[in-house]
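See structure below.
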Amino acid sequence: MLIFGSKPKKISISLFEIAINDESRQQRSDLQNFLIVFFGPFANFICFIIIFLIYLCIGTDLLKFAYVNLSLCLLNLLPVMSFDGGQLLYILLSRRFTGHTAEKAVNIITFIALFPIAVLGFIILFNSDYNFSLLFVCGYIILSLVFKNNRYF
């Protein structure tokens, strides 16, 4: 945001999101907004690469921390409306459709994306020693959707 000449007006952290109030979003181009949203998950990917390279050179127990960063990157890129992937999808769709139509499309894609995650979570739960982590993530995503109230740009 600072590169494009705007500061966040307010940053608030809650259980389900980190909200950055940015009143200059409407004044920036779609490409600038896309890049700002994209660099969140990209930062996790860069951390993964750096930590993985350190792991390869030193061989310490950093591999789990590297995989956590990669997991955060991939999770945040899911096309779910409360994650950066959903915001990116909304930006792309709103270029072609109205904002209302783009919101509806992202909502539909969100639930389509969550269904296989929930099914996989149940499969992992039944085939492991009660590993419910993926179901927990799916529940967290659903709760974040409920409390987000369809807020896009």
Side-chain angles (χ1 to χ4, degrees), residues 1-22 24-25 28-95 102 105-148 151-153:
M1 289 177 65
L2 294 176
I3 291 171
F4 295 120
S6 60
K7 288 183 177 178
K9 184 167 180 118
K10 180 182 175 187
I11 299 174
S12 57
I13 300 172
S14 70
L15 180 62
F16 296 108
E17 70 179 349
I18 298 174
I20 300 174
N21 293 349
D22 177 23
S24 60
R25 286 183 181 185
R28 288 190 303 263
S29 70
D30 287 338
L31 177 62
Q32 290 173 332
N33 284 326
F34 186 89
L35 290 173
I36 288 170
V37 174
F38 176 75
F39 274 97
F42 187 68
N44 284 115
F45 184 73
I46 294 299
C47 288
F48 163 73
I49 296 294
I50 291 169
I51 295 167
F52 190 75
L53 290 174
I54 292 170
Y55 165 77
L56 290 177
C57 293
I58 299 173
T60 62
D61 288 339
L62 292 175
L63 192 58
K64 289 180 184 177
F65 187 63
Y67 286 143
V68 165
N69 275 286
L70 181 63
S71 298
L72 282 173
C73 172
L74 296 175
L75 179 72
N76 212 5
L77 283 175
L78 283 174
V80 175
M81 72 175 188
S82 60
F83 292 165
D84 288 339
Q87 295 291 322
L88 294 171
L89 182 62
Y90 174 77
I91 292 169
L92 292 175
L93 291 176
S94 66
R95 289 180 53 101
V106 173
N107 287 338
I108 291 168
I109 292 169
T110 293
F111 286 104
I112 291 171
L114 285 179
F115 183 74
I117 294 171
V119 169
L120 184 61
F122 277 111
I123 291 170
I124 291 172
L125 175 67
F126 294 131
N127 291 325
S128 67
D129 293 328
Y130 303 105
N131 182 352
F132 58 91
S133 58
L134 193 56
L135 279 179
F136 178 76
V137 168
C138 192
Y140 173 82
I141 293 170
I142 291 170
L143 286 174
S144 72
L145 295 175
V146 169
F147 290 112
K148 180 88 173 180
R151 286 180 284 141
Y152 293 93
F153 291 116

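The chain is numbered in sequence order, starting from 1. Scope of the values below: all heavy atoms of this structure, side chains included, with no hydrogens, waters or symmetry mates.
- Side-chain contact between Ile50 and Asn69 is absent, with no heavy atoms from C-beta onward closer than 4.5 Å.
- Separating the CG atom in Leu114 from the CD1 atom in Ile109 is a distance of 12.0 Å, to the nearest 0.5 Å.
- Here the straight-line distance linking atom CD of Gln87 with atom CD1 of Ile36 works out to 12.0 Å at 0.5 Å rounding.
- Between Leu35 and Phe4, the shortest heavy-atom distance links the atoms CD1-CZ, 3.9 Å.
- Counting all heavy atoms, side chain and backbone alike, Leu62 lies closest to Ile51 at O-CG2, 3.5 Å.
- Closest approach of Arg28 to Met1, counting heavy atoms only: NH1-CE, 4.4 Å.
- Distance check: Leu56 CG to Leu63 CG gives 8.5 Å after rounding to the nearest 0.5 Å.
- Of all the heavy atoms in Asp30 and Ile91, the pair that sits closest is O-CG2, 3.8 Å.
- Separation of atoms CG (Leu53) and CD1 (Ile58) is listed at 11.0 Å; rounding is to 0.5 Å.
- Here Phe39 contributes atom CZ and Ile3 contributes atom CD1; the two are 7.0 Å apart, rounded to the nearest 0.5 Å.
- A heavy-atom distance below 4.5 Å is found between the side chains of Phe45 and Leu70.
- The shortest non-hydrogen separation linking Phe83 to Leu75 is CD1-O, 3.2 Å.
- Using modelled atom types, no side-chain atom of Asp84 and backbone atom of Asn76 make a donor-acceptor pair closer than 3.5 Å.
- The closest side-chain heavy-atom distance from Leu135 to Phe122 is below 4.5 Å.
- The shortest side-chain heavy-atom distance between Phe48 and Asn44 does not fall under the 4.5 Å cut-off.
- For Ser71, there are no side chain to side chain donor-acceptor pair (under 3.5 Å) partners at least two apart in sequence or on another chain.
- Here the closest heavy-atom approach between residue Pro41 and residue Cys73 is recorded as O-SG, 3.4 Å.
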